[in-house]
Structure formats: C-alpha cells, structure tokens
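In what follows, a structure is listed as structure tokens, so that the remarks can point back to it.
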Amino acid sequence: MTPTAPSDIRNVALIGHKGSGKTSLAEAMLYVAKATPKLGKVDDKSSILDESAEEKDHACSLEASVAYLAWGGKKVNVVDTPGEGSFLAETRLALGAVDAAVLVVSGKDGVQPITERVFGWARAQGLPVIIVVSKVDAENARPDEVVAEIKARLKAPITIMEHHVGDGLAYEGIITLRTKKAWLGKPEAPNAIAPGAIPDKLSGALDMGRGKLVDDVAGTNDELTEKYLTEGDLTQEELDGGLRDAVREGKLVPVYFASGTRPSGIAALLDGIVELVPSPAAHPAWKGTVPGGKIGAEPQAAERASSPDGHVAAFVFKTSIDPHAGRTSYVRVLSGTLKADHALLNSANGHSERVGKIHNIVGKDSKAIDEAKAGDIVALSKLKSTLSGHTLSDEKHPFALNGPELPPALFSRGVKFEGKGAEEKVSTALYKLTEEDPGLSVAIEETTRELIVSGLGSLHLEITVERIRRRIGIDCRLGAPHIAYKETITKKVSGVEGKHKKQSGGHGQFGVCYIDMEPTARNEGFVFEDAIVGGSIPRQFIPSVEKGIVKSMAKGFLAGFPIVDVKVRVFDGKYHDVDSSDAAFQLAGSKAFKAAIAQAGPVLLEPVVKLHVIVPSVATGDVIGDINSRRGRILGTDSIDDQTIVNAYVPLSEILEYESKLKSMTQGKGTFSMAVDHMAICPPMVQDKVIKDSGFKHVEEED
Ligand SMILES: Nc1nc2c(ncn2[C@@H]2O[C@H](COP(=O)(O)OP(=O)(O)OP(=O)(O)O)[C@@H](O)[C@H]2O)c(=O)[nH]1
Ligand SMILES: [Mg+2]
C-alpha cells in the first residue's frame, strides 16, 4: 500500500461533553464510508471504538480511539475522545495530533460544561473547529434552541451549513446550503454519496439559509465583502474558497446537524470535513525544542515543517498495552517519512526505539504499511519505553514537540487490598497502567507506605481500581481521599545560622552557613541566590548548601507536604580546611532552612478548583448556598433562558463528592466541570486539622 500524501489526509478529533454522541457519530461515519461492515452501537456494546470491558460496562468512552476511513478520495483519520471530565487527558493529547476539532453538541442537552472546556482548548490551540449538533432525531431534540445556546455561550462565530427538516421524532433529514444536496427520508446507507434533489417545498428554506451563509462568508474577507456588496452574491468558487479560508483561520465555525444512531447527515458532514478541514500540508511549522542540551540550560527552540521531505518526527498521543499484543503507540507523523524497521530517538528519555511495523487502524483492526508520510496518523507496535506525550525523531536530528499541557492529576486516594504478596502485584499493575493512562499517577506515601493513586476525578480512580481487579484478579478498593497540600512561608527572616559540627576521632565534620529567607510569588517554586563573597564558603560547597535545602523542602515542615514558593539567599558561612565536606554543608543548609522556616510563618496551601455549574434556574439558590457552605467563593452567575451558569472557586477538599449532591439538588438536571486552578492558604482551623491528621513528626538530621 503506498503511503498517503499529506494533501490527501484529513485529521479530526471528535470532542464534546460526555454522552453528546461522539462515539455514535464516529461509528456512523465509519459505517457510511464502508470502513466497517455494520453500524457499531454504544447501547448494545457493538461499538468498535468503545471497545474495552470498562467502556462497555459504563457505556462511555474512557480513552481516545482511532479509526480511518476513505471519503472523496481522501484518507480521513478520526480520533474519538472521551467527554467525561476524569478522562480528558486523552482528549487533550488527541487535540495535539489533529488539524481540526469536530465539537459534538447534543441537540437535546445543548451546551454543557465540558463542551465549553474542550472548545476553549481547541480555540486556544488555534485549531479550526466544526460543530455538529447531534441527536437531531432523538425525542425532545431542540436543535434550533441549541444553536442559539452555542452562539450565546460559546461566543463562536458560527455559520449554519444545513437546514434540518423537522426534529425529534418528526426528523426527516437535512439539505445542504453550500452544496445544495438533500438527504431525506431513509437512514443513510453505506457510501451514501448519491443524495436526492431538493424538493420544491424546501426551496424557500434553501434560499434563505444559503443567503445567510453567503453573507457570513463575505463578511470574513475584504475582497469578498466588496464583491458581495457590488454584485449581491458570490460564485460557488468564491463561497467555497472563502469558507475554507475562514474555517482555517478560525473566523467561522460551521455548524452541521446529524444523527449518529439513525444514521443521518453523515455523508454531508464527511463532505464538509474533506472540503473544509485543512490538510496536514497546510499545517504551520510545528514548534518544539532540540532535546539533549546542557543540564539546566534553556532548551534551544526548533521548528519542523509539516512536509514529508524533512527529518522524521512523530508525536505520540495515545498508548495502549494489551496483555497479549503488547504496547501500541498511536502517532501523528509531524514531519518527514516514518519507515518500518528504523531506529528513532525518544527525545523525552533519550532512549533509542526500533519502529517495528507501522499500522493503519480501525478500532482494534489494523493493516500493516511500510511507511507513513508527514500528516498521517498511524499505530506503532512494541515500542519499549515510549509514553503518550513523547516525541520520536531522527536520531541525528532530534526534536521534541511543544505538546499540549495536561490537566493536573490532583484527585488522590489510597488503594486498599488484602492478601499476601498482593502489594507487589497491585503496585506493578498500577505502574503499568500509568504507562497507558496519561492522566494517572502512582506514588507511595513516605510515612504510611500506602499506595496512592492520583487522577483527574473520582470516576477516574474508581475505574482504575476496576481495571486492576479485572487484570490481576486482586480485590482492591479505594481508601480515603488524599489532597495534594503544599507548604510555604509568609514572612521574611534574615541572618539564620545553620551549623553542622561533629568531632568523633579521625576527621571531623564542619560546615556553617547563614541564610535569609523570604516568600516568592505563587508558583515560583524555589529560588536560590548565591551571595557569598570572599570565599567564606568555598565554591564547591555552595551547591551542597542548596542540595541540603532542596532535600528539606521535599520533606515538609508542618505536615510533611512539599514546601514551595520560597527564596533563600546564602550570604555567609564558615569552613574548615580538613573537616568541611559536601555532606557537612548539606546538613548545614538543611539545618539553616529548618531554623529559618520555623520563624517565617509557615502555612499550608490547599488546591482550589474552578467550578463551572449549569443548573435549571429554580435550583440556583440551593446550588449557591451549597457552594458557600463548602468554603466556596462565587465568581459570577449568568442566566440564559431557564438555565443558570454559576462559576466559583472551591477548595478541592470540600468538593470531592459533588456529583451526587448536585444531582439531588437539581433532580439530576445539573451538570458541572471542575479543574484545579490555584493553591491558596488554608484557613487556620482547616490547617490545624490537616496537621493533626497527618501525624507528621520531624526527623532530626543525623549529627
Ligand atoms: N437518538 C439518538 N441517540 C443518540 C445519538 N447519538 C448518540 N445517542 C445516544 O446517546 C448516548 C451516548 O452516546 P455516545 O455516542 O456514547 O456519546 P459520547 O459522546 O461518545 O459519550 P462519552 O464517550 O461518554 O463522552 C447513547 O445511548 C447513544 O445511543 C443520536 O444521534 N440519536
Ligand atoms: Mg464516546
């Protein structure tokens, strides 16, 4: 099979709130394009995209899935992503691998919190976006209201591409305004490329809709505006070209209507993707860095043209590990041509990876190919140490993509299990899972030796233990929540001494340092200033002082949480020609740091989430009262029709089990999303309780 040229590829990710119909839409696209022999359905567990046991159990996508189809002479790579807040790390990475996002908004439920969040990601990244209002055939569908909601809430420059004929149970199909085609009546069959003529009774709707579309397109470009004003219309070429440019530049967001389950509106959507989504050949140069520079030095910026001729580089956006088939890495070829049986450099860890076979993928099925050109999305099997988010590149011309930033994994809980030897098995299985799941991390608590899993939300952690139970047959459960507190200081202190002196026969140990300490701005981490003049601490021991301080910071002072946002200035010291050593100055640094922190007003910092809630307006009072009772701070409310949007900051520790509470306050109608936003100083009562519960004790340095 010859590799596909970049101009013949279209890459899209389906994004949206959970349950908005992304997987059903992707299944319909595959079926209508004859990439699959029958229509896969989420409800009867026949979806080839929601394929894992957990996805089938929960009837919801938990990871990104990849499939390709052929349409209009192009290879369309479709990435179906999860819409559940707990699994958005996969969605974030998928957006880093495509040329456009297809935002799916349920024609029944409208704009929901994750709709806004993922749309924001796509726009911030400069990705062209196409919106699909899905489920137009569902009972109680209200596509026109949903379009108004999209306009008001997403503040997107939308333009309507189709007229839907009826909605809900009276839905018949769509007519397209740009291409003037009709798909009415029966569900679309495979290769539904032969649309019918537009019936006379719809000619009024066509003219009106098309007039608006032409108007929208003309408004995006001075030349077209001029032409439109003088001639009153645009030619088909001008409309097509103007629309293509406006979508690529983000000036217009086209809106389609479809049903994934019927299926209907799919062929027109595929036509739209092929026509309007820019090919990888048009992708601006990828921005990244040259890995492997000097430690501590600013990495050197680099760019890679999205062309098959340059040096090869590929971005890994998804990893799956099958107990039998091993690891599969899904990559977007950024530049050059990827060849089977070649060695590449993993720029994240410096390892060499042998690319075995390259595959085109449809769900679990794959076809081997010899090479893949820039722009294509393919799967590589059996890489050894490559994870999602890494870049593979030519060994002689290394490149690391500036990939998307993942949402932080700050929901943490202990993992409980019973039985001899279980601990090792559970921890091995958990660490293995972190290689697949970019949003998951595992740690061992220092004091209790308890295994702690961290993820993006409670469901994430519940599904993690479910996966472990299924994979290794050990019954594990989640323990108490762990909040990722941090510690910091509030006052400046000057001239604090740290002295380490020991005389026990033979060589002694001697080192003294004097430091000043002050708080930095939030998120600055640690700043170390070397202000030693005149050799009061020999040069080679200044890094030792810093090392001692860094070690103490990791251990915490109040409750064992890492200390952050501190500046230390070392300005004086004493040494001994024979007895001073790296170890002695590390201990001196650590002692000075602890003495200083005790005087510097240490406090606990807690993670605070930004909460975004959409509720029926009648429930607004209850929802706000509840947020206030959780130490929340309301940032603002906004009402559209009979719904109210509430934005607030709430400490993470107060909002761990919000879902069930919101459901009960709103009869199941409220939806929310939350993401950790910043760290804030804990009120004294909360701080005292956390310190007490931590059971933290200082371990004195060895003297
Ligand atoms: N009537 C109707 N129902 C649909 C349509 N699309 C999806 N559904 C139903 O809506 C539910 C959710 O559909 P999914 O395709 O799993 O939604 P999703 O966006 O992939 O959801 P997540 O993977 O959880 O983010 C299922 O019960 C589908 O049968 C549609 O076009 N019409
Ligand atoms: Mg899905």
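Start at 1 and go down the list; that is how both ligands and their atoms are numbered.
- The single protein non-hydrogen atom nearest to atom 16 (O) of ligand 1 is Val42 CG2, 3.4 Å, given as residue, atom name and distance.
- Counting only distances under 2.8 Å, and ignoring water, the protein N, O or S atoms around the Mg ion (ligand 2) are Thr23 OG1, Ser61 OG.
- Inspection of the His58 and Glu466 side chains reveals an N or O donor paired with an N or O acceptor under 3.5 Å.
- Counting only heavy atoms of the protein, atom 18 (P) of ligand 1 lies nearest to Lys22 N, 3.4 Å.
- Arg248 pairs by the side chain to side chain contact (heavy atoms under 4.5 Å, CB included) definition with Asp245, Pro278, not counting sequence neighbours.
- Salt-bridge annotation for Lys41 and Glu27: absent, with no side-chain N of the basic residue lying under 4.0 Å from a carboxylate O of the acidic one.
- Interface of Gly83 with ligand 1, defined as ligand atoms under 4.0 Å from a residue heavy atom, comprises 25 (O).
- Using a 4.0 Å cut-off between heavy atoms, Asp137 contacts ligand 1 through its side chain alone, with no backbone atom that close.
- Ranking protein heavy atoms by distance to atom 11 (C) of ligand 1, first place goes to Lys135 NZ, 3.9 Å.
- Not a single N or O atom of Asp80, backbone or side chain, sits closer than 3.5 Å to an N or O atom of ligand 1.
- Side-chain atoms of Thr434 and Ser441 include no donor-acceptor pair closer than 3.5 Å.
- Atom 31 (O) of ligand 1 has Gly260 N, 2.8 Å as its closest protein atom, hydrogens excluded (heavy atom only).
- To the nearest 0.5 Å, the span separating CG on Leu184 from CG on Leu202 amounts to 6.5 Å.
- Going from atom CD1 of Ile463 over to atom CZ of Arg469 covers 10.5 Å, rounded to the nearest 0.5 Å.
- When all heavy atoms of Asp80 and Lys22 are compared, the closest pair comes out as OD1-CB, 3.4 Å.
- Counting protein heavy atoms only, atom 21 (O) of ligand 1 is closest to Gly19 N, 2.8 Å.
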Cut-off 3.5 Å, no hydrogens considered: what does the side-chain donor-acceptor table look like for residues 126-139, sequence neighbours left out?
unit_1	atom_1	unit_2	atom_2	d
Ser134	OG	Ser20	O	2.6
Ser134	OG	Val105	O	3.4
Lys135	NZ	Gly19	O	2.7
Asp137	OD1	Ser259	OG	3.0

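- Between atom CZ of residue Arg117 and atom CD1 of residue Ile114 there is a gap of 5.5 Å, rounded to the nearest 0.5 Å.
- Short contacts between ligand 1 and Ser259, defined as distances under 4.0 Å to a heavy atom of the residue, involve ligand atoms 30 (C), 31 (O), 32 (N).
- When the side chain to side chain contact (heavy atoms under 4.5 Å, CB included) test is applied to Asp109, the partners found at least two apart in sequence or on another chain are Ser106, Gln112.
- Residues Asp271 and Lys181 are paired through a salt bridge, judged by an N-O separation under 4.0 Å between the basic side chain and the carboxylate.
- Using a 4.0 Å cut-off between charged nitrogen and carboxylate oxygen, Glu436 and Arg471 count as a salt-bridge pair.
- Proximity to Ala138 (heavy-atom distance under 4.0 Å) selects the following atoms of ligand 1: 1 (N).
- Closest to atom 26 (C) of ligand 1 by heavy atom, among Val132, Leu25, Asp43, is Asp43.
- A donor-acceptor contact shorter than 3.5 Å is absent between the side chain of His390 and the backbone of Thr386.
- Donor-acceptor pairing under 3.5 Å is lacking for the side chains of Ser617 and Asp642.
- Contacts with ligand 1 closer than 4.0 Å are made by heavy atoms of both the backbone and the side chain of Cys60.
- Of all protein heavy atoms, the one closest to atom 17 (O) of ligand 1 is Gly21 N, 3.1 Å.
- At the top of the distance list for atom 2 (C) of ligand 1, counting protein heavy atoms only, stands Thr261 OG1, 3.1 Å.
- The closest approach between Gly16 and ligand 1 stays at or above 4.0 Å for every heavy atom of the residue.
- From the protein, the heavy atom lying nearest to atom 13 (O) of ligand 1 is Ser24 OG, 3.7 Å.
- With a 4.0 Å heavy-atom cut-off, ligand 1 is reached by the backbone of Thr23 and by its side chain too.
- Residue contacts with ligand 1 leave out Ser134, since none of its heavy atoms falls under 4.0 Å from the ligand.
- A side-chain donor-acceptor contact under 3.5 Å links Ser61 and Thr23.
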